[in-house]
Asks: 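Pasting a structure here, questions to come.
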Amino acid sequence: MNSKLFLLFFCITLATWKCAAIAPASGGPKDTTPPVLLSANPPSGTVRLLEPVVELTFSEYMDEKSFAAGIRIAPVLKDDPTVKFKGKSVIVTLPTGIKNDMTVVLTLSRSIKDEHGVELAKPIQLAYSTGDVIDTGIIKGRVYASQPAGVYLFYDEGSDTLLLSKPDYISETEDDGSFEFNYLSSGKYKILAIERGAVGVQLDQKRMSYGVPPISVIALDSIFTGIHIRLFKEKEPLRLLRGEWKDWNWGQLYFNNDILNGMNIHGLKIGTSKMEWFVHPEDDKSIIVTVTDTVRSAKEKISFKNITMDLTVLSDSSAINVFISAKGDTNYLALTKPDSKISITPDKTVSPIELVYSRPLPEKLLNNFKIDLIIDDTNAVNFTKMINTPMSISVAPQNGWEPKKSYNLKLFRHETTNEKETFKDSITTINIETTRPLGYGGISGTVKGIDSEKMITEIQSVEKKHWNFKSVVNSAGRFEYNDIPEGLYTLIVFDDRDQNIDYFYGKAYPFQPSEWFYIMPDTLEVRANWEIEFEPIYMDQ
């Protein structure tokens, strides 16, 4: 057989072999069943542990990387346990440093996955003792957060910086926020909740979301329940991040936090020229700065002395360099808000439409823009117009929005030699559809079982986070809400110790406990034209 015939025969044979090869079937439903721990050898609860080795057998093959990262030992020792995989079993070797008569807890984190990437349904704890007994202390509670969280437990040593150190025990919350520490010895503890993504590292209170409870110390005898914690993130001090110069006479400064009503910026200038400023209509973390004279240098410095609110200095002096384009901005004026088609729900406030322009304009020009508001394509509607900032105006019909109607808001181009002061198109149209009107209702009730004269109730909308209303609980324990937009709400009760009407989350360092709070497990429904009296809410402070 010559080489060409041999090569042809080889290729045919290879192709036939590939066609006949057996491969696993593709497709099928995705495995979403969480892995289950079938057994532990020795079993949890074993005392007088002689060998520091535990074999765990699961219902699935486990993901090695997540398992090695997700297994923890408590109390926390200098070294981590080591793991070895053998089929569906995982052999765990405990680290050195375990003392005599010590209860050791192995925690399998929820982040541990099987080979299909499915996490454990809930954390698993296994307890062993090198002595004759296993500690039986329990601490239970709940963390209120939008996502699962981690919980740190510390032996109370009286240190001010304890919560910034390495924890002695670590747990994680279940889907409903509940957590549990088991097999604890009697004594005093401190507790801290932390965002789940940071579990295993020491708290950095400037970068991580965390929470502290309303009590300073947990004095554990046997079982301690009812620890409630709310996660929050401390605000960084206000600081200037960057700046841009948009045109010859205006620019934009960006900050790390919102610029609030009541803040004052002192000594704001570009070079030696004083500047005016206002909050950007679409970004509360930035301000628009303007100067009367045109800035024509290629580079300038924007600076301010400080930013204050009332008598508090929020930001010290700061400066930033900006580059000025030699050409300037030659684009036509444009609307950046709203979209060309919008929907409005008529309400009691007659919500206006905010028109945001692409650049700041003089007041005379803002007043002289020709605007028409038309209903059902034919009838003109009388409206009010208000200048909010040099970049925005508000328009609203004088008699309010009619429900289930079609409106057109038209802005007309005016003739000018300066293209930057007018629109490119002769008419800019915004189509508006109104829905049925928003309904309003009321709720009232009584809070019982609380020994405090500083209680506040707060209801927060489930659908619209900016709907947030508060009511002071009177001496008889009564609270009342009137003219509340219909919808579902969460009810929160808190002890306003500092009497500022806002909930205080506490601090890790210097340690300050949070204000006591209670969150009603079920949502409240506010119905249009209904005044609802709820059954008394009983709680144990």
Side-chain angles (χ1 to χ4, degrees), residues 146 195 197-198 203-210 231-293 295 297-325 328-329 334-338 354-361 387-394 465-466 468 500-505 507-509:
S146 58
E195 61 183 76
L203 172 67
D204 182 342
Q205 62 191 90
K206 299 301 181 185
R207 294 177 51 247
M208 302 173 185
S209 296
Y210 74 94
L231 284 193
F232 78 110
K233 191 168 186 178
E234 290 187 16
K235 271 194 172 183
E236 296 181 39
L238 183 66
R239 56 190 174 88
L240 176 64
L241 299 178
R242 61 188 178 91
E244 297 175 347
W245 200 248
K246 303 286 188 176
D247 202 356
W248 287 331
N249 64 343
W250 70 280
Q252 189 168 352
L253 300 182
Y254 301 84
F255 293 83
N256 64 324
N257 291 331
D258 290 350
I259 305 298
L260 306 175
N261 288 334
M263 288 187 182
N264 293 305
I265 304 179
H266 303 278
L268 180 63
K269 60 185 180 180
I270 181 168
T272 59
S273 300
K274 292 182 179 180
M275 290 195 298
E276 301 294 327
W277 68 275
F278 58 90
V279 178
H280 192 289
E282 296 181 273
D283 182 5
D284 290 337
K285 287 184 171 63
S286 71
I287 64 172
I288 300 298
V289 291
T290 61
V291 64
T292 303
D293 298 327
V295 179
S297 57
K299 181 180 178 181
E300 273 294 357
K301 182 173 72 173
I302 296 177
S303 62
F304 56 81
K305 292 181 179 178
N306 56 40
I307 301 177
T308 63
M309 189 168 187
D310 297 327
L311 300 177
T312 303
V313 176
L314 303 178
S315 178
D316 292 324
S317 62
S318 189
I320 194 167
N321 290 320
V322 292
F323 295 93
I324 292 91
S325 172
D329 186 0
L335 275 184
T336 62
K337 179 186 175 183
E354 185 183 25
L355 307 178
V356 179
Y357 298 102
S358 57
R359 63 170 60 88
L361 298 169
I387 298 176
N388 303 320
T389 72
M391 282 179 70
S392 67
I393 64 174
S394 293
K465 298 303 181 183
H466 63 282
N468 188 307
N500 67 349
I501 315 299
D502 288 325
Y503 176 77
F504 176 61
Y505 286 88
K507 289 192 71 173
Y509 177 78

Asks: Please determine whether side-chain contact (heavy atoms from CB on, under 4.5 Å) holds for the pair Gln205 and Tyr509, giving the CA-CA distance in whole Å, both sets of side-chain angles, and the decisive distance to 0.1 Å.
Replies: CA-CA 8 Å; Gln205 62 191 90; Tyr509 177 78; 3.3 Å; yes
Asks: With a 4.5 Å cut-off on side-chain heavy atoms, are Ile287 and Ile265 touching?
Replies: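 Touching, per the 4.5 Å side-chain cut-off.
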Asks: If you count heavy atoms of other groups shown closer than 6.0 angstrom to CD of Glu282, is the number above 12?
Replies: yes
Asks: In this structure, which one of Lys507, Glu234, Lys233 forms a side-chain hydrogen bond (donor to acceptor under 3.5 Å, both in side chains) with Tyr210?
Replies: Glu234
Asks: Can I get a per-line list of side-chain donor-acceptor pairs under 3.5 Å for residues 301-317, giving both atom names and the distance, sequence neighbours left out?
Replies:
unit_1 : atom_1 : unit_2 : atom_2 : d
Thr308 : OG1    : His266 : NE2    : 2.8
Ser315 : OG     : Leu238 : O      : 3.2

Asks: Any donor and acceptor pair, going by atom type alone, linking the side chain of Asp247 with main-chain N or O of Asn249 inside 3.5 Å?
Replies: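 Judged by distance alone, no pair lies under 3.5 Å.
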Asks: Determine the sole option in Glu244, His280, Arg242, Gln252 for which the side-chain hydrogen bond (donor to acceptor under 3.5 Å, both in side chains) test with Ser286 is passed.
Replies: Gln252
Asks: Quick one: CD on Glu276 to CD1 on Ile288, what's the gap to the nearest 0.5 Å?
Replies: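 Taking CD in Glu276 and CD1 in Ile288, the distance rounds to 14.0 Å.
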Asks: Would you please test Lys246 and Asp329 for side-chain contact (heavy atoms from CB on, under 4.5 Å) and show each step?
Replies: CA-CA 7 Å; Lys246 303 286 188 176; Asp329 186 0; 6.0 Å; no
Asks: Could you tell me whether the side chain of Val291 reaches within less than 4.5 Å of the side chain of Trp245, counting heavy atoms only?
Replies: yes
Asks: Main chain of Asn256, side chain of Glu236: is a donor-acceptor contact present, judged purely on distance under 3.5 Å?
Replies: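 Absent.
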Asks: Determine which pairs satisfy salt bridge (Lys or Arg N to Asp or Glu O under 4.0 Å) with at least one residue from residues 252-268, sequence neighbours left out, and list them in order.
Replies: Asp258-Lys285
Asks: Could you please spell out the steps behind the side-chain contact (heavy atoms from CB on, under 4.5 Å) verdict for Val289 and Leu268?
Replies: CA-CA 9 Å; Val289 291; Leu268 180 63; 3.9 Å; yes
Asks: Would you indicate whether the side-chain heavy atoms of Tyr357 and Leu335 approach each other to under 4.5 Å?
Replies: yes
Asks: Using side-chain heavy atoms (C-beta onward) and a distance below 4.5 Å, is Phe278 in contact with Pro360?
Replies: yes
